[in-house]
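Below: the structure, in structure tokens.
Just follow the structure's listing: the first ligand is 1, and inside any ligand the first atom is 1. Source: prediction; values computed, not measured.
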Amino acid sequence: MKKFIEVISEEMKAAFAAAGYEASYGKVTVSNRPDLCEYQCNGAMAGAKAYKKAPIMIAEDVAARLQDSAVFSSVEAVAPGFLNLKLKESFVLSYVEDMMKETKFGVNEPEKPQTIVVDYGGPNVAKPLHVGHLRPAIIGESIKRIARFAGHKVIGDVHLGDWGLPMGQIITELAVRKPELPYFDEAFEGEYPVEPPFTISELEEIYPFASGKCKTDEEYKSKALLATAQLQSGRRGYRALWKHILDVSVNDLKKNYEKLDVHFDLWMGESDVDDLIPPMVEKMKADGHAYISSGALVVDVKEDTDKKELPPCIILKSDGAANYETTDLATIIQRERDFAPNAIIYVVDKRQELHFQQVFRCARKTGLVRDDVALEFIGFGTMNGKDGKPFKTRDGGVLRLEYLLSQISEEMYGKISENKELPEAEAKKTAGMIALAAVKYGDLSNQAAKDYIFDTERFTSFEGDTGPYILYTMVRIKSILAKYAQGGGNLDALKRLAPETKAEKELLMNLAGFNAMIEEAFTERAPHKVCAYIYNLANVFNSFYHSTKILSEENEEKKQSYIALLKDTLAVLDSCIDLLGFEAPERM
Ligand code: ARG
């Protein structure tokens, strides 16, 4: 379906053409003087020079052709040459009626659906999820959902950090604590135990302990490096132990992402591309791209136009080990092989920008991807506490994601349990839903690249630009619709009337902007556009609600039309919050 603004522009363009001017001057935009008009066209001003005519004359010419327009109820030429526009109520209504009949409210299927890999989440095995993992999960999930809604084939990959030094550190520490385990006995040829030799809480204690010890104990550190190298080169006992680490940890990660309503299609990790590394390295050498520099194997990625010199991309460290660049490059090969994607989108901390610049350039230079594959880095900013510093617990530690979510759920529970009608179990569940909305909306309503302040008080408020406000608005609509149905109204056979009030028309016009908004949110990878849209929609709805008698409206036809409008608004809000990754309760 054509976008609302396109339909409006077409009407204006036809009028320019009919009056003897270039049609392209008829581009219409939303009014920047809403006190005077709803839309405007500045084409007469732009065309004045070309036609050597006063802009007001052109504007008047055009306005004259639009007196019987089906789209505009008023077209005013005003000095020095603006066209101020108001839309016909019947036109606005028919657009919204048409869009509501479509499955995706007027969002067209793309002519050529793209295949897009979204690399997000990026947790590291054996480390619990903490607040720092919130942003990639929330933003990546939303970008994935928006792209999918826009009609593309999207694959979300968690890209686990499961192959580096942390693994060697854990192995080293386990060897100290439980030397009797068969994994450390190189002569052992039997079957290793099926049960892991640790629980998730043990693992979460062992990792930071070992990593801390590496900082102070040189001998321990070299053991850990050796264990890492041996693991990567296939030492049997270490591989078996590593498999346990992976299983225990992934199991726990899955539970936590589930709580966030974040779902990955692929649970691949750095380790999965291990066997692609040797042939990749060989090819880079053979093609003359990779060379030895201070012992390491590197590929130059700097370009003449760089303002700052970009260091070479290190393919193998001087000890021959693979590093973060290596696994990311090999993962590009794997994605190219498995999906031949049109784009790979990385949702990662913006402090990793340099790394990705090197990786992308290296991948292009060495021909790992076809030239037209977009490699996109969406770097997100830091989530700060109210003091403007990275979010920490009161005693300065990193806050686990689980705790953050349960704290906010409790707070929401406190707020909604004032409503005595909600049974305890429902109140608990609802509190969880609102908490998730608070956290996700709080994050997504900011542009991803910006740092933002995680302000629990503000995010959990039922007023203002917050998730709970959006949910509150939706619940308000749901309750009116439920009452209408209880009173014998049929929600499936609602006839609409053209809007009579400004508030009603405004609401319809906002609904009509849905498909254009989705297109922008998709092409710009910008969930914050969805937030801005629903915040505005909720505001416009609430002013309609406050200025209109709905259930007590005596004119049955009018009442039906209002109810239809409510139903439409709810449906659009519902699909928007789904794109943001949360849901609305029935009551709150
Ligand atoms: N595990 C990485 C980290 O903790 C993030 C992974 C991001 N994705 C990627 N393809 N490098 O920094």
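There is a side-chain donor-acceptor pair under 3.5 Å between Tyr220 and Glu173. A donor-acceptor contact closer than 3.5 angstrom is absent between the side chains of Tyr346 and Glu376. Side-chain N/O atoms of Thr326 and Asn323 include a donor and acceptor closer than 3.5 Å. Under 3.5 Å, the side chains of Tyr452 and Asn384 contain no donor-acceptor pair of N or O atoms.
A cation-pi contact links Lys104 to Phe149, judged by a cut-off of 6.0 Å to the six-membered ring centre and 45° from its axis.
Annotation: ring-ring contact (aromatic ring centres under 6.0 Å, His included) contacts involving residues 279-330, sequence neighbours excluded, comprise Tyr324-His355.
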Protein N/O near ligand 1 N/O, under 3.5 Å, which pairs?
| residue | atom | partner | partner atom | Å |
| --- | --- | --- | --- | --- |
| ligand 1 | 1 (N) | Gly122 | O | 3.0 |
| ligand 1 | 1 (N) | Asn124 | OD1 | 2.8 |
| ligand 1 | 4 (O) | Asn124 | ND2 | 3.0 |
| ligand 1 | 8 (N) | Asp119 | OD1 | 3.1 |
| ligand 1 | 10 (N) | Asp119 | OD2 | 2.8 |
| ligand 1 | 10 (N) | Asp328 | OD1 | 2.8 |
| ligand 1 | 11 (N) | Tyr324 | OH | 2.8 |
| ligand 1 | 11 (N) | Asp328 | OD1 | 3.3 |
| ligand 1 | 11 (N) | Asp328 | OD2 | 2.9 |
| ligand 1 | 12 (O) | Gln352 | NE2 | 2.8 |

